[in-house]
Engineer: 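Quick one: the structure is below, questions incoming.
Bear in mind that the values here come from a model prediction, so they are computed numbers and not experimental data.
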Amino acid sequence: QVHLAESGGGLVQAGGSLTLSCAASGDSLPKLAMGWFRQAPGKEREFVTAISWSGLTTSSAVAVKGRFTISRDNAKNTVYLKMNSLKPEDTAVYYCAADRVYSTQAQYGFWGQGTQVTVSS
């Protein structure tokens with residue numbers, strides 16, 4: 001079983017920055033691809049960005065390209081989401097996800113509880 005714990009959400013003004021963290025824990029953690037998804041009120045959960053276990057492969061949604069950066073530290077079993085130039089439309093609950101298989105779809109086997117990001121205009 002893999003447990004994911006997100007942190008770093010909060011309230012920020014438009015144009016500001018936030019960094020989210022997601023720490024994975026569990027017995028004998030496998031090599032996991034990690035992803036970030038978000039869900040705004042009244043909308044479906046959507047893909048934000050993902051990174052392979054090696055870190056050599058990443059993907060990002062068009063809406064966040066050039067503004068958001070995903071990275072990971074396997075020694076700490078942690079993945080990061082650096083968000084710059086935040087916009088009010090980035091407001092959502094952000095979820096960390098993990099799976100043995102890299103994907104840009106919401107088919108990850110493990111999910112965190114989510115962390116709220118609110119961007120004020």
Engineer: Is it the case that the side chain of Tyr80 and the backbone of Thr69 share a donor-acceptor pair, with hydrogens and angles ignored and the cut-off at 3.5 Å?
Structural biologist: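 No, Tyr80 side chain to Thr69 backbone: no donor-acceptor pair under 3.5 Å.
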
Engineer: Minimum heavy-atom separation for Lys31 to Trp53, with atom names?
Structural biologist: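 Looks like CA-CD1, 3.3 Å.
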
Engineer: Is there a side-chain contact between Trp36 and Met83 in this structure, where contact means two heavy atoms from C-beta onward sitting under 4.5 Å apart?
Structural biologist: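 Contact flag for Trp36/Met83 side chains = no.
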
Engineer: Does atom CD of Glu89 have more than 12 heavy-atom neighbours from other groups under 6.0 Å away?
Structural biologist: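 Yes, enclosed.
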
Engineer: First locate atom CG of Leu20, then atom OG1 of Thr115, and finally report the distance between them rounded to the nearest 0.5 Å.
Structural biologist: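 It is 6.0 Å, given to the nearest 0.5 Å.
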
Engineer: To the nearest 0.5 Å, how far apart are CD in Gln1 and CZ in Phe110?
Structural biologist: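 Atom-to-atom, Gln1:CD and Phe110:CZ are 5.5 Å apart.
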
Engineer: Show the nearest heavy-atom pair for residues Thr49 and Ser60, with the distance to one decimal.
Structural biologist: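 Scanning both residues completely, I find the closest heavy atoms to be OG1-OG, 3.1 Å.
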
Engineer: Check this for me: Lys82, atom NZ, are more than 12 non-hydrogen atoms of other residues, nucleotides or ligands nearer than 6.0 Å?
Structural biologist: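 Yes, NZ of Lys82 has more than 12 neighbouring heavy atoms, counting only those of other groups under 6.0 Å.
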
Engineer: Which atoms form the tightest heavy-atom contact between Val2 and Ala24, and what is the distance?
Structural biologist: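 Reported closest heavy-atom pair: CG1-CB, 4.4 Å.
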
Engineer: How far does CG of Leu32 sit from CD1 of Ile51, to the nearest 0.5 angstrom?
Structural biologist: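 It comes to 12.5 Å.
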
Engineer: Treat each ILVMFWY residue as a node, draw an edge where side-chain heavy atoms are under 4.5 Å apart, and state whether Leu18 and Leu11 are in one component.
Structural biologist: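 They do not share one cluster, since no chain of ILVMFWY contacts under 4.5 Å joins Leu18 to Leu11.
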
Engineer: Any donor-acceptor pair under 3.5 Å linking the side chain of Thr58 with the backbone of Ala50?
Structural biologist: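 Such a contact is absent between Thr58 side chain and Ala50 backbone.
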
Engineer: Rounded to the nearest 0.5 Å, what separation is found between the OG1 atom of Thr91 and the CD atom of Gln116?
Structural biologist: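 Reported value, rounded in 0.5 Å steps: 7.0 Å.
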
Engineer: Same cluster for Tyr94 and Ile70 if Ile/Leu/Val/Met/Phe/Trp/Tyr side chains link at under 4.5 Å?
Structural biologist: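 Shared cluster, yes.
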
Engineer: Whether the side chain of Glu6 engages the backbone of Gly114 through a donor-acceptor N/O pair (distance < 3.5 Å, no angle test) should be reported.
Structural biologist: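 Yes: the side chain of Glu6 pairs with the backbone of Gly114.
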
Engineer: CG of Asn84 to OG1 of Thr19: how many Å apart, nearest 0.5 Å?
Structural biologist: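 If I round to the nearest 0.5 Å, the distance is 7.5 Å.
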
Engineer: State, to 0.1 Å, how close Arg38 and Ala63 come at their nearest heavy-atom pair, and which atoms those are.
Structural biologist: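 Heavy-atom minimum between the residues: NH2-CB, 4.1 Å.
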
Engineer: Is it true that a side-chain atom of Arg72 and a backbone atom of Ala33 form a donor plus acceptor pair closer than 3.5 Å?
Structural biologist: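 Here the side-chain-to-backbone pair does not exist.
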
Engineer: Minimum heavy-atom separation for Val119 to Lys87, with atom names?
Structural biologist: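 Of all heavy-atom pairs spanning Val119 and Lys87, the closest is CB-O, 3.3 Å.
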
Engineer: Taking all non-hydrogen atoms of both residues into account, name the closest pair between Ser121 and Pro88 and its distance.
Structural biologist: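 Minimum heavy-atom contact is CB-CG, 3.8 Å.
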
Engineer: So, using ring pair (Phe, Tyr, Trp, His ring centres under 6.0 Å) as the criterion, who are the partners of Phe47 when residues are at least two apart?
Structural biologist: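 Phe37.
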
Engineer: Among the clusters formed by ILVMFWY side chains lying less than 4.5 Å apart, do Tyr108 and Val79 turn up in the same one?
Structural biologist: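 No, no single cluster joins them.
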
Engineer: Would you find a donor on one side and an acceptor on the other, under 3.5 Å apart, between the side chain of Asp99 and the backbone of Gly109?
Structural biologist: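 Yes.
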
